[in-house]
Amino acid sequence: MKFIFISSLIFFSFAISFSQTVDIKFKLAQNYEQGGDWEHAIPLYEELYQRDSSNKFVFDALRRGYLFLKKYDNAISLIQNRLQKQSNDITLIAQLGTAFAKADNESLAVVTWENGIAFDKKNFMTYKIISDAAQENRMWETAIDFYKRGRKEIGTENLFAAELSSLYSLLFKFPEASKELLLLLNETPQQLSYVQSRFAPFTGKPDGLKAATEVMQNEIASHSESINLKKLFAWLLMEGKKYSEAYKVYGDIDAKTKANGNELYAFAERVYHDGEFFIAANAYSDIITKYGSFPQLFLVRFNFARCLEELSDEADSLTLYKIKTAKFQVTFENAIDEYSKLARGQKTTEIAASCYLQIAKIQ
């Protein structure tokens, strides 16, 4: 019994020592990797992998190292050996395709990914993982093809809309990118701000903004009652500084959503701060006329007077069309009259003091 106990103790001590050695070498290899010294990291990872080829962390590290040092044949062989035991592992198949792509064999990469998709054509993640691998290797068209096939196979019209929009945008295919984002909006109407944020990267480009606006116009023609589409369209018009068109759309949105002037007010505030005083004055005038109980009516009336003041100061630059179609008189006298009426109503408030200050400035 004493002999058995001593033998067990020796074996246990050896196992601990072996485990500590492995752990030390793994940490040393990681330190080399983090410092970018793959030449010293790889031999350690290779030694660890020979001892335990089932260790996923060591496998991944070794694969990364081979790819970094452009030892593509080593990476391919490493992944293929692992696939012999896990033949249906879609992540391994995606990695193998990546290794072929980096070795300048894109055709074999595509064949590899095709084989991976064949294992499970109805699985969302299959297409996601494979397409991500294609994107990693800047094979944009290939990624688009896989996503579109996934959508068809799974039978969901708006599947991968966000991913496809990003890819189309990278290829400057702005109409296609816009259509994908509209599919996304139809799927999740409550995520209007998110969809707007996905438009932003390419609406900053003239071609992108033009394409997005045209696509929206066509979509609204078919779905004229969609408030979300109108809001998105109005936002695009604002991005393109088409304030007159946006004014009409926001007026329609305000009426149809029974916003009681809130949509118009938000629009008026933005164009006012953008220096578009004539458009802002029209919007403020609408609120004053239609929504007498608007909570911030005193601010609306003050900013309306400010618009008249600004417009009167630059009256020579106003077109005759604007002056003739205005719902109000564009003169300093009219601005003073608006300030005076507001000040009398507010009496001793700060807004009244501001009104008198503006009158003094004009005079």
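Along the sequence shown, the residues carry numbers beginning at 1.
- The two atoms that bring A212 and T203 nearest to each other are CB-CG2, 4.2 Å, heavy atoms only.
- Side-chain atoms of N137 do not come within 3.5 Å of backbone N or O of M139 as any donor-acceptor pair.
- Looking only at atom types and distance, the side chain of N105 has no donor-acceptor partner in the side chain of Y72 under 3.5 Å away.
- Under the 4.0 Å criterion applied to side-chain N and carboxylate O atoms, E338 and K341 are assigned as salt-bridge partners.
- Side-chain atoms of S354 come within 3.5 Å of backbone atoms of E350 as a donor-acceptor pair (strictly under, hydrogens ignored).
- F59 carries R82 over the face of its six-membered ring, with the cationic atom under 6.0 Å from the centre and within 45° of the normal.
- Ion pair K241/D274 not flagged as a salt bridge, since none of the NZ, NE, NH1 or NH2 atoms sits closer than 4.0 Å to an Asp/Glu carboxylate oxygen.
- Pairs passing the ring pair (Phe, Tyr, Trp, His ring centres under 6.0 Å) check and including a residue from residues 103-139, sequence neighbours excluded, read F124-F160.
- R151 places a side-chain N or O within 3.5 Å of a backbone atom of E157 that can act as its donor or acceptor partner.
- Cluster membership check: Y49 does not share its hydrophobic cluster with L44, using side-chain heavy-atom separations under 4.5 Å among Ile, Leu, Val, Met, Phe, Trp and Tyr.
- Judged by distance alone, with hydrogens and angles left aside, the side-chain atoms of K230 form no donor-acceptor pair with the main-chain N or O of Y250 at under 3.5 Å.
- Side-chain atoms of S312 come within 3.5 Å of backbone N or O of L308 as a donor-acceptor pair.
- Using the six-membered ring where Trp is involved, Y265 and F294 have ring planes that are tilted, between 30° and 60° apart.
- Here the side chain of S77 pairs no donor or acceptor atom with the backbone of D73 at under 3.5 angstrom.
- Surrounding NZ of K56 are at most 12 heavy atoms belonging to other residues, nucleotides or ligands under 6.0 Å away.
- Side-chain atoms of N334 do not come within 3.5 Å of backbone N or O of T331 as any donor-acceptor pair.
- Under a hydrophobic clustering in which Ile, Leu, Val, Met, Phe, Trp and Tyr are joined whenever their side-chain heavy atoms come within less than 4.5 Å, directly or via other members, Y45 and L28 fall into different clusters.
- Between K361 and E309, none of the side-chain N atoms (NZ, or NE/NH1/NH2) sits under 4.0 Å from a carboxylate O, so this pair counts as no salt bridge.
- For residues 166-175, the side chain to side chain donor-acceptor pair (under 3.5 Å) pairs, not counting sequence neighbours, are E141-K173, S166-R198.
- Ion pairing between a basic and an acidic side chain is recognised when a charged N comes within 4.0 Å of a carboxylate O; D252 and K248 show no such pairing.
- If you run ring pair (Phe, Tyr, Trp, His ring centres under 6.0 Å) between Y339 and each of F302, F298, F304, only F302 comes through.
- Aromatic ring pairs are classed by plane angle as parallel below 30°, tilted from 30° to 60° and perpendicular above 60°; the pair F172 and F174 is perpendicular.
- Donor-acceptor pairing under 3.5 Å is lacking for the side chains of Y272 and E310.
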>> Applying salt bridge (Lys or Arg N to Asp or Glu O under 4.0 Å) to K256 and E263, what does each step give before you reach the verdict?
In response: CA-CA 11 Å; K256 288 186 175 176; E263 291 287 348; over 6 Å; no
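- Within the 3.5 Å criterion, the main-chain N or O of Y66 finds no donor-acceptor partner in the side chain of N74.
- Side-chain contact of N228 with S226: a donor-acceptor pair under 3.5 Å is absent, judged by distance alone.
- The closest side-chain donor-acceptor pair between E269 and N303 falls under 3.5 angstrom.
- With rounding to the nearest 0.5 Å, the separation of OH in Y284 from CG in L297 is 12.0 Å.
- Not a single donor-acceptor pair under 3.5 Å links the side chain of N158 to the backbone N or O of L184.
- No path of Ile, Leu, Val, Met, Phe, Trp and Tyr side chains, each step under 4.5 Å between heavy atoms, connects I154 with L183, placing them in separate hydrophobic clusters.
- In this structure, the side chain of T112 does not engage the main chain of G97 through any donor-acceptor pair within 3.5 Å.
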